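Quick notes on the structure that follows.
Ligands are counted one by one from 1 in listed order, and the atoms in each one are counted from 1 as well. Below, each value reflects all heavy atoms present in this structure, side chains not excepted, and no hydrogens, waters or symmetry copies. None of these values were measured; they are calculated from a predicted model.
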Amino acid sequence: MIRYKKLGYVALGVTDLERSITYYRDLVGLQLNLQEEGVAYFSCSDDHHNLVLYQNDVAGLKRIAWEMESDAELDNAVDTFKKHGLDVYELPTEESKGIFQGRTLRFIEPNDGICFELYNQQYKRATSYQPTVSKIARLGHVVVSFSDWDASIKFFREVMNFDTSDSIDGFINFMRCFPNPYHHTLGVSNAKLRGDRPGLHHVNFMVTDMDDIGRALNRMPENNIPIVFGPGRHPPSGSIFYYFLDPDGMTVEYSFGMEEFPEENPRKPRSLEPRPDSGDYWGSVPKEDWAQGGDILPAKPQLIGQLL
Ligand SMILES: CC(C)C(=O)/C=C/C(C(=O)O)=C(/O)C(=O)O
Ligand SMILES: [Fe+2]
């Protein structure tokens, strides 16, 4: 069974790269490690990047990348994916080095055509992430609204070896990239909840303590950043949460205190009733523009290199 180390990075298309650099660096608190023509690499760890922004005509989700436990797990993934009829491409060495990574594979997720990437390691930084406005602990999760909710969950479970931690029936299925312990690194949301329009739901950064949330409660409104949900506490993972929009209207979440699962004998997944208090113990309800921004950006041009 395929084994993942973690959710490595998320790549987004943004319509004004300079504007988004200022936002993600100065308001969200990510460290800008490198800016090249049309692309910016941010981290919140000793990785070279945990968020990559590309200048693009349309804002949206470009790629989701998973760091594997080992190089052998990349081979394991290739064998598994090919058995399930997936075309997997290995980036040429100069390409993977160009994004500061070791061996890198890409494929198209079959339900909504998202570019998924697996890699074994990124260049590490001696001087790792230095917190500024917020002590971000890690890139936490990405939630995507998929067209076929059941088929997507089946793919991630049966092909990618993700486990369901909990589900709000018909709304969101919270999945762990096994054996990563966090309650979810991927959320499978139902696009039927947003007019059958698949796309990015939100990107989450887990912060280190409540003060990081507290400071954001003031910093975001002071900078006229639209708040779209919370503060509150999510029943699925137990996380304190706070959601706000980025300059393209894509939804970003700060959270603190997520449940962790053991590799052996984890608790059973719960099926939560689809009602507002399954989303927030504290009773807040999301604004209309929560989780609405961000298309799924075409994957094909990213499939470069050798077909395995
Ligand atoms: C309001 C939705 C239905 C909800 O419960 C969300 C939970 C999520 C998420 O969607 O990512 C979390 O972030 C969480 O529980 O940590
Ligand atoms: Fe979330």
Side-chain angles (χ1 to χ4, degrees), residues 6-7 9-10 12 28 30 44 50-51 61 64 114 134 136-146 149 152-153 156 162-177 180-195 198-210 212-213 216 220 226-246 249-261 266-267 269-294:
K6 65 177 183 178
L7 170 62
Y9 74 90
V10 174
L12 300 176
V28 178
L30 293 163
C44 51
N50 303 117
L51 176 73
L61 176 62
I64 306 175
I114 301 168
S134 182
I136 298 175
R138 64 186 62 77
L139 167 67
H141 56 264
V142 58
V143 180
V144 181
S145 293
F146 288 92
W149 194 63
S152 302
I153 293 163
F156 291 117
F162 286 15
D163 283 336
T164 289
S165 301
D166 289 309
S167 184
I168 298 179
D169 195 27
F171 278 65
I172 299 183
N173 192 292
F174 302 96
M175 307 193 89
R176 308 189 300 277
C177 56
N180 184 286
Y182 291 108
H183 179 272
H184 55 287
T185 43
L186 177 72
V188 178
S189 180
N190 192 340
K192 291 195 176 2
L193 304 177
R194 53 180 254 176
L200 177 69
H201 189 280
H202 69 274
V203 178
N204 165 280
F205 296 96
M206 296 168 71
V207 295
T208 302
D209 59 38
M210 265 311 289
D212 294 312
I213 301 268
M220 296 309 177
I227 311 305
V228 289
F229 192 13
R233 191 157 80 83
H234 280 318
S237 69
S239 305
I240 305 284
F241 67 84
Y242 188 51
Y243 292 85
F244 37 89
L245 297 185
D246 87 343
M250 294 188 280
T251 300
V252 179
E253 178 190 19
Y254 269 178
S255 73
F256 168 63
M258 177 175 270
E259 179 185 3
E260 296 182 37
F261 285 65
R267 69 163 173 78
R270 296 169 300 175
S271 184
L272 298 170
E273 192 181 347
R275 41 181 290 154
D277 57 7
S278 293
D280 183 15
Y281 284 120
W282 298 358
S284 69
V285 290
K287 300 262 179 39
E288 270 193 7
D289 42 5
W290 176 68
Q292 299 302 307

### Task
Take every heavy atom of Y243, measure it against each atom of ligand 1, and state whether any distance is under 4.0 Å.
yes
## Note on the structure
When L186, I153, N190, I168 are each screened for side chain to side chain contact (heavy atoms under 4.5 Å, CB included) with N173, the one that passes is I153
### Query
Are any of the side-chain nitrogens in K287 or D289 under 4.0 Å away from the carboxylate oxygens of its partner?
no
### Query
What part of H201, side chain, backbone, both or neither, has a heavy atom within less than 4.0 angstrom of ligand 1?
neither
### Task
Could you pull out the closest heavy-atom pair between I227 and M220, with the gap in Å?
CD1-CB, 3.6 Å
#### Entry: Test of ring centre spacing under 6.0 Å for Y254 and F241
no
### Message
If you apply the rule side chain to side chain donor-acceptor pair (under 3.5 Å), what do you find for T185 with N180, and how did you get there?
### Response
CA-CA 8 Å; T185 43; N180 184 286; 5.2 Å; no
### Task
Pull out every atom of ligand 1 sitting under 4.0 Å from any heavy atom of H141, numbered as shown with elements.
11 (O), 13 (O)
#### Entry: For atom 7 (C) of ligand 1, the option (of F174, F171, Y182) bearing the nearest heavy atom
F174
### Task
Could you tell me whether Y254 approaches ligand 1 through its side chain, its backbone, both or neither, with non-hydrogen atoms closer than 4.0 Å?
neither
### Query
So is H184 close enough to ligand 1, meaning a heavy atom under 4.0 angstrom away?
yes
### Any N, O or S atom of H141 closer than 2.8 Å to the Fe ion (ligand 2)
yes
### Message
Is there a polar contact, in the sense of an N or O pair closer than 3.5 Å, between N204 and ligand 1?
### Response
no
## Note on the structure
One finds that the ligand 1 atoms under 4.0 Å from a non-hydrogen atom of H202 are 9 (C), 10 (O), 11 (O)
## Note on the structure
Honestly, for H183 the part within reach of ligand 1 (heavy atoms, under 4.0 Å) is neither
#### Entry: Nearest non-hydrogen partners of D212 and T208, listed with the distance
OD2-N, 3.1 Å
### Query
Strictly under 2.8 Å, is any N, O or S atom of H202 next to the Fe ion (ligand 2)?
yes
### Query
How close do L139 and N204 get, heavy atom to heavy atom, and via which atoms?
CD1-O, 3.5 Å
### Task
Answer yes if the ring centres of Y243 and H202 are under 6.0 angstrom apart, and no otherwise.
yes
### Query
Do F156 and F146 have ring centroids that are under 6.0 Å from one another?
yes
### Nearest neighbour in protein (non-hydrogen) for atom 6 (C) of ligand 1
H234 CE1, 3.4 Å
### Query
How does F241 reach ligand 1, by side chain, by backbone, by both or by neither, if only non-hydrogen atoms under 4.0 Å count?
neither
### Query
Hey, which atoms in ligand 1 end up nearer than 4.0 Å to a heavy atom of S278?
5 (O)
### Task
Heavy-atom distances under 4.0 Å are what count here, so tell me which part of S237 touches ligand 1: side chain, backbone, both or neither.
both
### Message
Whether the side chain of D280 engages the backbone of R233 through a donor-acceptor N/O pair (distance < 3.5 Å, no angle test) should be reported.
### Response
yes
### Task
Keeping the roles fixed (side chain from S165, backbone from H183), state whether a donor-acceptor pair exists under 3.5 Å.
yes
### Distance-only N or O hit between ligand 1 and W290, under 3.5 Å
no
### Query
Taking the six-membered ring of F261 as reference, does the NZ or CZ atom of R176 fall below 6.0 Å from its centre and within a 45° cone about the axis?
yes
### Task
Taking only heavy atoms of S239 into account, list the atoms of ligand 1 that are under 4.0 Å away from them.
16 (O)
### Message
Which residue and atom name correspond to the protein heavy atom nearest atom 3 (C) of ligand 1, and how close is it?
### Response
I168 CD1, 3.4 Å
### Message
Heavy-atom contact check, 4.0 Å cutoff: does S255 meet ligand 1?
### Response
no
### Task
Give the atom name of whichever N/O/S atom in E253 sits closest to the Fe ion (ligand 2).
OE1
### Query
Contact between V143 and ligand 1, counting heavy atoms under 4.0 Å?
yes
### Query
Heavy atom under 4.0 Å from ligand 1: found in D280's side chain, backbone, both, or neither?
neither
### Message
How close do I136 and F205 get, counting heavy atoms only, and between which atoms?
### Response
CG2-CB, 4.0 Å
### Message
Tell me whether R267 is salt-bridged to D166, with the criterion being a basic N under 4.0 Å from an acidic carboxylate O.
### Response
yes
### Query
In the protein, what heavy atom is nearest to atom 13 (O) of ligand 1, and what distance, to one decimal place, separates them?
E253 OE2, 3.1 Å
